[in-house]
Structure formats: C-alpha cells, structure tokens
Asks: 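Okay, here's the structure, questions in a sec.
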Protein chains: 2
Amino acid sequence: MNPGEATPRRLRALPSRLTNQAALTANRIVDKALAQVGVRRYHYSLLAALDETGPTSQAELGRRTGIDRSDMVATVNDLADRGLVQRVPDPEDRRRNIVSVTSAGRRQLAQLDELLGAAQDAYLAPLSAADRRTLIDLLTRVTDYHRDKQD
Amino acid sequence: MNPGEATPRRLRALPSRLTNQAALTANRIVDKALAQVGVRRYHYSLLAALDETGPTSQAELGRRTGIDRSDMVATVNDLADRGLVQRVPDPEDRRRNIVSVTSAGRRQLAQLDELLGAAQDAYLAPLSAADRRTLIDLLTRVTDYHRDKQD
DNA sequence: TACCAACGTTGGCGCAGCCAACGAAAGCGA
DNA sequence: TCGCTTTCGTTGGCTGCGCCAACGTTGGTA
C-alpha cells in the first residue's frame, strides 16, 4: 500500500486500521486463490457450511455463515447454475428450500480447501506456528466478545 | 453474526476469515463513532495524514493513506465543502493541488481523535494491555511483510 | 379464526477498494 | 530544442461485501 512514503503515526496507531489492513491483505490473497476456479468467498462459505450440516434451508445456511438471506438467494443461484448445489422445495415446510451439495460440489469443495490452505499459509507466512496460534486466539477472543453483543 | 447456530468448523479454522470478522467488528464500531459527526474513514485518514505532513499534494496524501487518487478527489471535495480543508493550485508545479487543513479542520480532527480513541477501546475491550500489544505486533508484522510484496 | 413469525425473493443502498483513460504539466534524454 | 516519459488531478466506471425494507406465501399459535 505504501510505496515510499510513510503511513501517518496516527493511522499506524489504530488497531482497527491495522486489523483492516490485515483483512485486506488476507482477502486479497484468498480472493485471488478462489478466483482461479471462478469462486468468491460467499460460494466457499456456503459450500463449507452445507457440507457440514447436510441438506438445509437457505435461512439456516445464512445463520451459520453470516450471509444475508437476500445474498443467500444469489449465492445459491450461482452454485446451482454450476451444478455444485441443488435446491428443492421442502415438502414438509413449503416455505423452505432444501439446499444440498452435489457430488460435483463436494469435489469442488475439496479443491477449494486445498487452495485455501495454501492461501492461509501465504497470508501468515511471516509468523511462526506459535505466533499464528496466538494471533488466532486473540482474534477469536475479540470476535467472540462482540458476537452476541450488538455493538 | 451468529444468533443460535454454530459457525462451520472449516470457516472457524480460517485465519483470513477470522481477521475479516475482526475487521468487520472494528470497522462497525469505528464507523458508528465517526458517523456521529458525519465523517467516514477516508475523511479521518486524510485529515490525519494532512495534519502530520503539513500542506501537500493529493497524490502525496494518497500515497500515505493508501487512498486511490480518484477517491482522493472526492474525499478532498467533501472536506473542502465542509471547510475542513483547503485546496489551492501549486504555483510551483501547476499539475499539483496543495491541500491544507483549516483551523476548523484541526478542531474536527481533535474531536475525531477522541471518538476514535474510545472506539479502539471498545473494539479491544476483551483484551488486556499486554494482549493488545501482542495483537498489534502480530498484525503489524503480517501487514509489513505483505506491504512491499505484491501478492 | 385471527395473529404473528419464518421463509424466499426482489430490489435497493453505501462504502471500500480498485482500474482505465484523459488532458495538462513537468522532467529528461538525445 | 524536441520528443518521450512521467506525474498529477479528474472523470467515470466496476465488483464485492455487508446491509435493509418490503412483499407474498406458509406455518405455528393464541
């Protein structure tokens, strides 16, 4: 971000900004990795959630991934168009759609896991294993603290 | 983000996602604080940079803050409209505009510093002072590592 | 039988972070 | 001095993420 000139002290002193910079970096790396197979972060989140829960409604998936219901519609559309996911009405509750991973979806997910693993490693490259654990711990504590708390 | 249901393990295991979640939280808190006085993050970054460098060109400010030149135009426009910043052509280099903080801008900046200080504290609330230093150190190392490196 | 809650869907919004292109101006090498 | 390249401000545009409001449909509940 800063070819040559120095970032103002005041900005460097902001943990929020630091976190944001790190997130930008991380997202850039991850997005580039996923883009190799034409996938965005929402796609992966959905596939990962689905693989873990088994077939579920869109609302449930949204709750688990943090994806808004309206965005969920588009994401499921995308994945269904690619045959990675299947959407059928729930006969037992006709408000719901049941979304499930196809076998192609599962294959894709496995590939994404690999790509993401490498991306994580690239992101955390300068840190030792212990440092990484510490960072994860600290960030987890922060986000957990704010989760239920509506800030 | 997660009222009730659990976040999938695979997602929880992603440091990049964790960082992003933390950044979302931090940005939410910061944005809300700044919004109290109708300011966005770009505005603060610009004012902070300007206060530190003294009157400079927009390009220079962009380099220091990481704000794109095109966005810089709009940001300077905003701040100039509010009388927080002044933009005059540089007589010694007629390609440049020299941007400088007004006294009203300096007053605003002082207020923003206060608001932001409180926001940082709210963001890092669950962490001890030592933890905060550690987090800042780790994030700094990660972002520094990736800065010059074009990922 | 009302009323309320949940669901999927549509449409929209704002901000951040980008990129491409342009004319004007400055710098620089031959 | 003349081209070439670089820098600067500006315009216009784009994508993705994270949101919110509203609506009709359906289920659960008083």
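Naming convention: chains lettered A, B, ... in sequence-line order (proteins, then strands); numbering from 1 in each chain.
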Asks: Residues in salt bridge (Lys or Arg N to Asp or Glu O under 4.0 Å) with B:Arg106, at least two apart?
Replies: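 In terms of salt bridge (Lys or Arg N to Asp or Glu O under 4.0 Å), with neighbours along the sequence ignored, B:Arg106 is linked to no residue.
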Asks: So, is B:Asn77 near the phosphate of D:dT10, with a side-chain N or O under 4.0 Å from OP1 or OP2?
Replies: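 B:Asn77 to D:dT10 OP1/OP2: no side-chain N or O under 4.0 Å.
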Asks: From CE of B:Met72 over to P of D:dT7, roughly how many Å is that when rounded to an integer?
Replies: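 B:Met72 atom CE is separated from D:dT7 atom P by 17 Å.
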Asks: Return the value, rounded to whole Å, for the distance between atom CD1 of B:Ile98 and atom P of D:dT7.
Replies: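 These atoms are roughly 19 Å apart.
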Asks: Rounding to a whole Å, what distance do you find between A:Ile67:CD1 and D:dC17:P?
Replies: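 Rounded to whole Å, this separation is 9 Å.
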Asks: For A:Arg96 and C:dA5, what is the distance between atoms CZ and C1' respectively, to the nearest whole Å?
Replies: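 To the nearest whole Å, that distance equals 11 Å.
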Asks: Partners of B:Ala110 by side chain to side chain contact (heavy atoms under 4.5 Å, CB included), sequence neighbours excluded?
Replies: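 Residues passing side chain to side chain contact (heavy atoms under 4.5 Å, CB included) with B:Ala110: none at all.
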Asks: Measure CD/B:Glu60 against P/D:dT6 and give the value in whole Å, please.
Replies: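 Taking CD of B:Glu60 and P of D:dT6, I get 20 Å after rounding.
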Asks: Could you state the CG-C1' distance from A:Asn27 to D:dG16, rounded to the nearest angstrom?
Replies: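 In whole Å, D:dG16 C1' and A:Asn27 CG are 10 Å from each other.
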Asks: Counting only side-chain nitrogens and oxygens, does B:Arg40 get under 4.0 Å of the OP1 or OP2 atom of C:dA16?
Replies: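 Result: yes.
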Asks: Excluding sequence neighbours, so at least two apart, what forms side chain to side chain contact (heavy atoms under 4.5 Å, CB included) with A:Thr102?
Replies: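 For A:Thr102 the side chain to side chain contact (heavy atoms under 4.5 Å, CB included) partners, ignoring immediate neighbours, are A:Gln86, A:Ala104.
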Asks: Any carboxylate oxygen within less than 4.0 angstrom of a Lys/Arg side-chain nitrogen, looking at B:Asp31 and B:Arg40?
Replies: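 No, no charged N to carboxylate O under 4.0 Å.
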Asks: Could you check how far CG of B:Leu34 sits from P of C:dC15, rounded to whole Å?
Replies: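 For the pair B:Leu34 CG and C:dC15 P, the rounded distance is 12 Å.
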Asks: How would you list, by chain and number, every residue that makes a side chain to side chain contact (heavy atoms under 4.5 Å, CB included) with A:Ile98, sequence neighbours excluded?
Replies: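 Result, side chain to side chain contact (heavy atoms under 4.5 Å, CB included) vs A:Ile98: A:Pro55, A:Val88, A:Asp90.
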Asks: Grab the CG-P distance between B:Asp78 and D:dT10 for me, whole Å please.
Replies: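 The distance from CG of B:Asp78 to P of D:dT10 comes to 13 Å, rounded to the nearest Å.
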Asks: In chain order, what residues pass the side chain to side chain contact (heavy atoms under 4.5 Å, CB included) check against A:Glu52, with sequence neighbours excluded?
Replies: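 Only B:Pro8, B:Arg9 meet the side chain to side chain contact (heavy atoms under 4.5 Å, CB included) criterion with A:Glu52.
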Asks: How does protein reach along nucleotides 18-30 of chain D, written 5' to 3' as B (base within reach of a heavy atom under 4.0 Å), S (only sugar-phosphate), or - (no contact)?
Replies: BBB----BBS---
